[in-house]
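Below: the structure, in structure tokens.
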Amino acid sequence: MRAAHPVWMCGMRPFFLLALLSALGLLGLWGLVLGAGAPPPRVAGGAVVWHVHELVFGFAMAGVAGFALTALPEFTGQPGATRAQLRALVLLWLLARAGFWASGWAGTPALWLAGAAQVALPLATAAALARPLLSAAGRAHQSFGWALLALAGTAAGFYADALAGAPGLRWLHATLGVLMLLIVVAASRISMRMVNRAIEQVTPGAAPYLARPPKRHLATLCIGLATLAHFVRPGSALAGWLQLAAAAAVLHLMGDWHVGPALWRRRFPLLLYAMYACMALGWGALGLAQLGALPGAGAGWHLLGAGAVGLGVFIVIAIAGRAHAGLLPDPGPWVPLGAALVLAATLLRALAGWNGWGAAALAASAALWCAGYGVLAWRIAPGLWRPRTDGGTGCEGPMVHSTPG
């Protein structure tokens with residue numbers, strides 16, 4: 001039966017595959033638009049809106065759904081989404097993509113379809129996770145549920161603007177702010193495992209790493225206020241100062257990560273730290289641009305979107321995409337290489353925005369991104385599509401007799 005295909009075995013499997021597909025397809029097409037003059041898709045709001053919309057509501061939403069549908073049941077010990085629920089969620093994601101991509105020639109009906117599916121997706125994801133979120137153990141993780149509701153709210157706002165003929169960029173920027181909050185929440189859970197494992201391996205007996213709630217709460221407060229200020233008063237000095245405050249709060253949060261050799265001698269702690277560095281640089285660049293100290297805000301938005309979100313999704317897929325498919329970590333240099341390519345793409349794009357470099361630099365940035373995610377897809381995608389080889393039947397980690405894939 002098709003319903004029994006291993007891709008429906010775990011919530012991360014279909015959505016991580018969709019995230020990989022959209023990462024390669026979105027930036028591949030964008031690179032052709034920038035570098036070869038290919039016509040961009042005809043969508044409501046134009047090419048830039050399409051690019052940002054698909055980054056946050058297509059690529060990032062697939063990563064968020066895959067992470068939440070796998071991590072929350074693991075964190076709480078409660079059952080996750082059923083195969084039927086996963087198929088329904090994937091259908092919503094596909095309908096949202098189809099409707100928005102068709103909006104340039106099909107008009108209002110396509111926008112209604114895309115909007116309904118895009119708003120329903122995070123709501124339906126939260127509903128599928130109701131048991132984990134409402135359990136006693138789930139109380140510590142209910143911020144994930146609120147983030148999903150916020151993503152539904154920003155999607156509703158964007159499509160309300162689109163149906164009224166407005167570009168809706170303010171809602172897409174607000175969605176990036178929500179994703180920054182979600183990264184901080186998710187990274188606090190991931191880092192406790194990754195960093196402490198690295199400490200045990202590199203400096204046994206050293207003090208453990210703690211994701212300190214006061215620093216995390218300060219960062220979420222500043223990010224939330226910066227996002228709200230930019231939404232209400234874009235381009236204002238208030239928004240600029242709050243964005244600088246968000247940058248400072250993230251840098252303050254990064255201080256907890258200074259645990260010695262364990263940080264830079266193990267790949268995943270270092271990659272998570274680089275993700276936070278992109279976030280701090282992004283908020284700082286935005287704040288300076290709002291205050292007139294930098295020539296434009298594009299570099300800041302790309303450091304947040306391509307850098308923090310791009311690396312965040314990359315890291316989650318690299319870790320969970322193997323562990324929850326029953327495979328041991330990839331021992332080769334491929335994951336660091338792919339992440340380095342994504343980081344290089346982000347930095348090149350930011351520098352191009354500051355220095356006014358031409359289409360060739362922008363196309364090269366897209367090519368580097370695609371190369372990085374191509375490496376990740378090569379190493380991860382087969383395990384997401386094929387049956388487990390360790391005897392596992394769901395999302396559990398590698399069994400004792402599992403072998404690297």
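All residue numbers refer to positions in the sequence shown, counting from 1.
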Strictly by modelled atom types, are His258 and Tyr209 linked by a side-chain donor-acceptor pair under 3.5 Å?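 Distance-only check fails for His258 and Tyr209.
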
Quiz question: by atom type and distance under 3.5 Å, do the side chains of Arg233 and Gln290 form a donor-acceptor pair?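 No donor-acceptor contact under 3.5 Å links the two side chains.
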
Report the relative orientation of the aromatic rings in Trp369 and Phe59; use parallel for angles under 30°, tilted for 30 to 60°, perpendicular for over 60°.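 Judged by the thresholds at 30° and 60°, the geometry between Trp369 and Phe59 is perpendicular.
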
Specify whether Phe57 and His53 have parallel, tilted or perpendicular ring planes, treating 30° as the upper limit for parallel and 60° as the lower limit for perpendicular.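 Ring orientation, 0 to 90° scale: perpendicular.
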
For the pair Arg193 and Glu200, find out whether any cationic side-chain nitrogen is under 4.0 Å from an anionic carboxylate oxygen.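 No salt bridge links Arg193 with Glu200.
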
Under 3.5 Å, side chain of [X] to main-chain N/O of [Y], donor-acceptor pair present?
X      : Y      : answer
Ser365 : Ala361 : no
Tyr276 : Ala308 : no
Arg13  : Pro6   : yes
Ser22  : Ala19  : yes
Thr203 : Ala206 : no
Asn355 : Trp357 : no
Gln201 : Ile199 : no
His302 : Ala350 : no

Kindly write out the residues that satisfy disulfide bond (SG atoms under 2.5 Å apart) with Cys222, not counting sequence neighbours, or none if the list is empty.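 Residues passing disulfide bond (SG atoms under 2.5 Å apart) with Cys222: none at all.
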
[X] atom [atom1]: more than 12 heavy-atom contacts under 6.0 Å:
X      : atom1 : value
Arg216 : CZ    : yes
Trp112 : CH2   : no
Trp334 : CH2   : no

Does the side chain of [Y] come within less than 4.5 Å of [X]'s, by heavy atoms?
X      : Y      : answer
Phe268 : Tyr273 : no
Tyr159 : Gln118 : yes
Val90  : Leu18  : yes
Arg42  : Trp105 : yes
Met61  : Pro122 : yes
Arg170 : Phe158 : no
Leu69  : Met12  : no
Leu253 : Leu218 : no

What is the distance from atom [atom1] of [X] to atom [atom2] of [Y], rounded to the nearest 0.5 Å?
X      : Y      : atom1 : atom2 : result
Leu242 : Thr227 : CG    : OG1   : 10.0 Å
Leu151 : Leu179 : CG    : CG    : 5.5 Å
Leu111 : Ser103 : CG    : OG    : 5.0 Å
Leu182 : Leu148 : CG    : CG    : 7.0 Å
Trp93  : Leu89  : CH2   : CG    : 13.0 Å
Lys215 : Met254 : NZ    : CE    : 11.5 Å

Let's go through Leu210 and Asp256 carefully: what are the C-alpha distance in whole Å and the side-chain angles of both, what is the deciding distance for side-chain contact (heavy atoms from CB on, under 4.5 Å) to 0.1 Å, and is it a yes or a no? CA-CA 7 Å; Leu210 297 175; Asp256 284 342; over 6 Å; no

State, to 0.1 Å, how close [X] and [Y] come at their nearest heavy-atom pair, and which atoms those are.
X      : Y      : result
Ala377 : Leu24  : CB-CD1, 4.3 Å
Met192 : Ala211 : SD-N, 3.3 Å
Gly11  : Leu86  : CA-CD2, 3.6 Å
Thr154 : Thr175 : OG1-OG1, 3.0 Å
Leu72  : His141 : CD2-CB, 3.7 Å
Asp390 : Pro398 : OD2-CA, 3.6 Å

Six-ring centre of Trp264, Arg266 cation under 6.0 angstrom, axis tolerance 45°: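 Judged by the rule (NZ or CZ under 6.0 Å from the ring centre, within 45° of its axis), Arg266 is not positioned above Trp264.
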
Those residues that, when tested against Trp30, pass ring pair (Phe, Tyr, Trp, His ring centres under 6.0 Å) (two or more places apart):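 For Trp30, the residues satisfying ring pair (Phe, Tyr, Trp, His ring centres under 6.0 Å) (neighbours in sequence not counted) are Trp50, His51.
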
Worked verdict on Asn196 versus Val259 for side-chain contact (heavy atoms from CB on, under 4.5 Å): CA-CA 10 Å; Asn196 282 318; Val259 293; over 6 Å; no

Out of Trp171, Trp283, Trp301, which one pairs with His230 under the ring-ring contact (aromatic ring centres under 6.0 Å, His included) rule?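 By the ring-ring contact (aromatic ring centres under 6.0 Å, His included) criterion, His230 pairs with just one of Trp171, Trp283, Trp301: Trp301.
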
Where do Val185 and Leu181 land on the side-chain contact (heavy atoms from CB on, under 4.5 Å) test, with the steps shown first? CA-CA 6 Å; Val185 172; Leu181 293 171; 5.7 Å; no

Could you walk me through whether Val7 and Leu17 pass side-chain contact (heavy atoms from CB on, under 4.5 Å), step by step? CA-CA 9 Å; Val7 78; Leu17 286 170; 3.7 Å; yes

